[in-house]
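For reference, the structure discussed in these notes is given below.
The figures that follow rest on heavy atoms only: side chains count, while hydrogens, waters and symmetry mates do not. As the structure is a computational prediction, the values presented were derived from the model and not from experiment.
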Amino acid sequence: MNKFEQLGLSESLQRAIIDLGFENPTEVQEKAIPLLLEQETDLVALAQTGTGKTAAFGFPLIQKIDANNRNTQALILSPTRELCLQITNEIKLYSKYEKGINVVAVYGGASISEQAREVKRGAQIIVATPGRMQDMINRGLVNITQINYCILDEADEMLNMGFYEDIVSILSTTPDEKNTWLFSATMPAEVSRIAKKFMHEPVEITVGTKNSGSATVSHEFYLINARDRYEALKRLADANPDIFSVVFCRTKRDTQAVAEKLIEDGYNAAALHGDLSQAQRDSVMKSFRGRQIQMLVATDVAARGIDVDNITHVVNYQLPDEIETYNHRSGRTGRAGKLGTSIVIVTKSELRKISAIERIIKQKFEEKTIPSGIEICEIQLLHLATKIKDTEVDHEIDNYLPAINEVLNGLSKEELIKKMVSVEFNRFINYYKKNRDISNQSSGSERRERDDREPRENNSGATRFFVNIGSRDNFDWMQLKDFLRDTLELGREDVYKVDVKEGFSFFNTDAEHADKVMDVLNGMLLEGRKINVEISKNDGGGRRDHNGRSSGGGGGFRGERSSGPRSGGFGPRTERSAAPRGDRKEGGFRPRTEGTSSERPARRSEGGERNERPASRSFEAAKTRRPRRS
C-alpha cells in the first residue's frame with residue numbers, strides 16, 4: 001500500500017504519485033501535507049535541502065487550486081532560475097491529471113514579454129525569482145493582489161542573496177488574508193523578521209533539529225598548506241574512483257580556473273557559475289545529470305536549485321563566506337535516505353570555521369589525512385580489477401577472438417592479468433612516483449593559526465612590501481595572507497606581518513623572496529585592475545593591538561617619509577605616505593570620486609549572483625600532468 005494514500009490527497013494526485021514512483025513520504029511531507037490540506041493556516045517548515053520540500057507544499061497547493069478560475073491564485077518565490085524551473089517542472093508533473101491548471105515560470109535571463117503573455121493567458125500558479133517578479137509588478141504585467149497562497153521556498157537562501165527588500169515589496173502587494181507557507185533550511189534573523197511581519201500565528205514544523213545538518217551526511221576535513229589545495233583536491237578524487245560530486249568555490253573566477261585545471265589534468269569536470277549563459281548552464285546540467293561529468297565545480301549561487309540524485313560527495317574547495325551556507329552545500333548529497341560525504345579542504349587559518357560549522361549543524365567533523373601516492377595506487381588497482389570483473393561481455397567480440405588468441409598465445413594467466421591491468425595502472429604509478437606526497441597538517445588542540453600580525457623573530461632579513469589592494473577589495477589579513485601564499489607559491493611561514501588598510505596593504509617576506517614578489521605580483525590583474533607592489537622603507541615593526549593596528553611609533557600609518565619629491569613612476573613608498581588616495585591605475589592614482597564602483601556594495605547579476613570575493617589567480621598544479629582517464 002502506498003503510504004501517500006493516508007495523507008488525504010485526491011485520487012488524481014495519487015495517480016501522479018504512482019507514475020513518479022513515490023512510495024513513502026519523507027518526514028517533511030508526512031508532517032506538512034495533512035496539515036495544509038486540513039487547515040487554512042500560515043506555516044513555517046524547517047527542513048534541510050533534499051528532504052522533499054517541493055512535494056510537501058506542491059501536492060496540497062494543487063489540491064486547493066480552483067482549476068476553473070483562470071486568475072493567479074498562488075505565487076511561489078525561489079532564489080534562482082534553476083530552482084524556479086525545477087519547481088515549475090515538478091508542479092506540472094504533480095498536476096498532470098488535473099485538467100485546466102497552468103503553471104508559469106517567471107525568471108531573469110528570458111523574455112519578460114513572453115512570460116507576461118503566458119501569465120495573461122491564464123496562470124493559476126506562478127513560480128518566480130524575486131528580482132524578475134518585482135520587475136513585472138513594477139511594469140504592471142502581473143496581478144497578485146488576489147492570490148490565496150504565497151510560498152517562500154529556500155527562504156534563507158533568498159535573503160542571503162540580498163532579496164530582502166524585493167521580498168518585502170512583493171509580499172506587501174499580496175492580500176493580508178492569504179496563507180503564507182515558508183520553507184527554509186535554517187532560521188536566521190531576517191527569515192524570522194519576514195515571518196513576524198507577514199504571517200499570522202504560523203504553525204511551525206521542524207524536521208530534525210533546527211538548523212542542524214542531515215543525518216545521512218558525514219563530514220570530514222583535511223588540513224593542508226594553502227599551496228597544496230588543488231593537489232589535495234586531485235588526490236581526493238583519485239582516492240574515490242566512483243566520485244560523483246559538486247566542488248564548491250567562493251568566486252566565479254576560481255570556479256572557472258579549478259574546472260579548467262581539472263579538465264586539463266584528465267578529469268571529467270565542468271564549471272557552473274553566473275557568467276555562463278542559460279544555454280551553457282542547461283548543457284552543463286544535462287551532462288552532469290547524465291553522469292558524463294563527475295566533478296561539477298560551482299559557486300554557491302549557481303548550485304542552488306541543483307537537484308541531482310546519487311551525488312556521492314560535496315567538496316568544499318573553499319569554505320563559504322557565510323557559515324550557514326555550508327548546510328546548503330552539504331545538502332546536495334545524502335538525499336532520499338542515501339549516504340553522502342561532505343569534504344572540507346582547509347588551512348590552519350580557517351580552522352575556527354570548522355568549529356563554528358559544528359555548532360550550527362550539531363555534528364562533528366572527522367579529521368582525515370590526504371592519502372599518499374602508494375595508497376591511491378592501491379585503491380585504483382583494486383577498482384580497476386573490480387571494473388574488469390563486473391564488465392558485461394559484448395559477444396560481438398567473439399568474431400575477433402581467434403586473432404586475439406593468436407596475438408596473446410604463450411602468455412600465462414598471471415602474465416595476462418598483469419599486462420591487462422598495467423595498461424591502465426602504469427599511468428597512475430608513474431604519475432605518483434614523480435610527485436611528492438602532500439604534507440598533511442595536524443590541528444591538534446589548536447583550532448586557529450597564530451596571529452601572523454605579531455612581529456616574527458629573527459626578522460633582520462625581511463623585506464616589507466606595499467600593495468595596492470585592501471579591505472575595499474574584500475580582503476582581511478587572513479584572506480590576503482592566503483592569497484599571497486597561493487599566488488607566490490610560498491610556505492606557511494613565508495608571508496607575515498600582514499597589515500590590511502582600506503585601499504592598500506603591507507606584508508613581509510624574507511629578502512630571498514623579494515624578486516619573486518615583484519616579478520609575479522606587479523602587473524597581475526585582479527578583477528580587471530592591475531596590482532602594483534613596491535618595497536616599503538618601513539620594516540613593519542612596533543606592537544599591534546588585537547585589531548592589528550599599530551600602537552608604536554606614534555600610531556596611525558607611521559613610517560619613514562620619502563626622502564624627496566617623486567619624479568615620475570612610483571618611488572619606494574612608506575606606510576605614512578601610503579594613506580589611501582583612490583585606486584591605482586597603471587602609472588598612478590586615479591582620483592576617488594563619490595560613489596565609485598569600488599565603494600558601492602556588491603550588486604547581483606541577472607541570475608541573482610553577487611560580485612564575489614577575489615582569490616588567488618592560480619593554484620599549484622601537479623608538476624607532471626596526471627594521466628587522462630579512459
Side-chain angles (χ1 to χ4, degrees), residues 4 6-10 13 17 25-66 72-79 83-84 86-88 90-91 94-95 103 124-128 130 133 144 146-159 163-164 167-168 170-212 327-328 331:
F4 279 96
Q6 303 170 14
L7 302 182
L9 293 170
S10 66
L13 283 173
I17 288 169
T26 64
E27 186 179 350
V28 69
Q29 293 164 3
E30 210 163 20
K31 289 182 176 180
I33 291 174
L35 175 68
L36 295 175
L37 288 174
E38 293 166 8
Q39 301 180 36
E40 292 296 327
T41 182
D42 288 349
L43 171 72
V44 172
L46 299 178
Q48 291 305 304
T49 302
T51 52
K53 294 195 289 277
T54 305
F57 65 73
F59 288 132
L61 178 64
I62 293 166
Q63 192 157 318
K64 286 172 174 282
I65 290 294
D66 180 1
T72 301
Q73 300 166 48
L75 170 66
I76 303 171
L77 291 176
S78 67
L83 187 54
C84 174
Q86 178 186 308
I87 293 170
T88 302
E90 289 189 24
I91 297 291
Y94 301 162
S95 60
V103 188
Q124 292 96 342
I125 302 172
I126 295 176
V127 187
M133 184 44 125
I144 57 171
Q146 302 299 317
I147 64 171
N148 302 317
Y149 305 98
C150 183
I151 296 98
L152 305 179
D153 190 30
E154 303 282 9
D156 51 352
E157 287 302 286
M158 285 193 285
L159 296 173
F163 286 123
Y164 180 82
I167 292 171
V168 168
I170 292 167
L171 291 177
S172 299
T173 310
T174 60
D176 293 338
E177 59 273 16
K178 72 182 180 304
N179 290 147
T180 302
W181 305 341
L182 187 154
F183 286 76
S184 186
T186 59
M187 195 68 174
E190 283 187 323
V191 175
S192 297
R193 279 206 299 276
I194 291 282
K196 287 177 183 176
K197 183 167 180 152
F198 293 101
M199 303 176 78
H200 178 67
E201 297 181 356
V203 176
E204 182 175 319
I205 61 174
T206 301
V207 175
T209 307
K210 186 181 288 189
N211 294 345
S212 67
N327 239 346
H328 288 272

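- Separation of atoms CE (Met133) and OG (Ser78) is listed at 11.0 Å; rounding is to 0.5 Å.
- Here the side chains of Ile126 and Ile147 are not in contact, with every heavy-atom distance at 4.5 Å or above.
- In this structure, the side chains of Phe163 and Leu77 stay at 4.5 Å or more apart for every pair of heavy atoms.
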field: side chain to side chain contact (heavy atoms under 4.5 Å, CB included) assessment of Phe59 paired with Ile17
entry: CA-CA 10 Å; Phe59 288 132; Ile17 288 169; 3.5 Å; yes

Do any side-chain atoms of residues 32-41 form donor-acceptor pairs under 3.5 angstrom with protein atoms, and if so which ones, sequence neighbours left out?
from, atom 1, to, atom 2, distance (Å)
Glu40, OE1, Tyr149, OH, 3.3
Glu40, OE2, Lys64, NZ, 2.7
Glu40, OE2, Tyr149, OH, 3.4

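- The shortest side-chain heavy-atom distance between Phe4 and Leu13 does not fall under the 4.5 Å cut-off.
- Closest approach of Ile91 and Gly58 over heavy atoms only: CD1-CA, 3.7 Å.
- Note that CD1 of Ile205 is 9.0 Å distant from CD of Glu27, once rounded to the nearest 0.5 Å.
- Looking at every heavy atom in both residues, Ile65 comes nearest to Gln124 through CG2-CB, 3.8 Å.
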- prompt: Do Thr174 and Phe198 pass the side chain to side chain contact (heavy atoms under 4.5 Å, CB included) test, and can you show the C-alpha distance, the side-chain angles, and the key distance before you say yes or no?
  reply: CA-CA 10 Å; Thr174 60; Phe198 293 101; 5.9 Å; no

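- At a threshold of 4.5 Å between non-hydrogen side-chain atoms, the residues Ile144 and Ile170 count as touching.
- Side-chain contact between Asp66 and Asn148 is absent, with no heavy-atom pair separated by less than 4.5 Å.
- Qualifying side-chain contact (heavy atoms from CB on, under 4.5 Å) partners for Asp42, counting only residues two or more places apart in sequence or in other chains: Asn179, Thr180, Met199, His200, Pro202.
- Counting heavy atoms from C-beta on, the side chains of Leu9 and Gln63 come closer than 4.5 Å.
- When all heavy atoms of Asp153 and Leu83 are compared, the pair lying nearest together is OD2-CD2, 4.0 Å.
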task: Test side chain to side chain contact (heavy atoms under 4.5 Å, CB included) on Leu61 and Ile76 and set out the steps.
output: CA-CA 10 Å; Leu61 178 64; Ile76 303 171; 3.9 Å; yes

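- Atoms OG1 and CD, on Thr72 and Gln146 in that order, are 10.5 Å from each other to the nearest 0.5 Å.
- Note: Leu75 CG to Lys178 NZ = 9.5 Å, rounded to the nearest 0.5 Å.
- Considering all non-hydrogen atoms of both residues, Pro130 and Met158 come closest at CG-SD, 3.7 Å.
- The side chain to side chain donor-acceptor pair (under 3.5 Å) search around Ser184 returns Asp156, not counting sequence neighbours.
- Contact between Phe183 and Leu43 at its shortest, heavy atoms only, is CZ-CD2, 3.9 Å.
- Judged by distance alone, with hydrogens and angles left aside, the side-chain atoms of Gln29 form a donor-acceptor pair with the main-chain N or O of Gly52 at under 3.5 Å.
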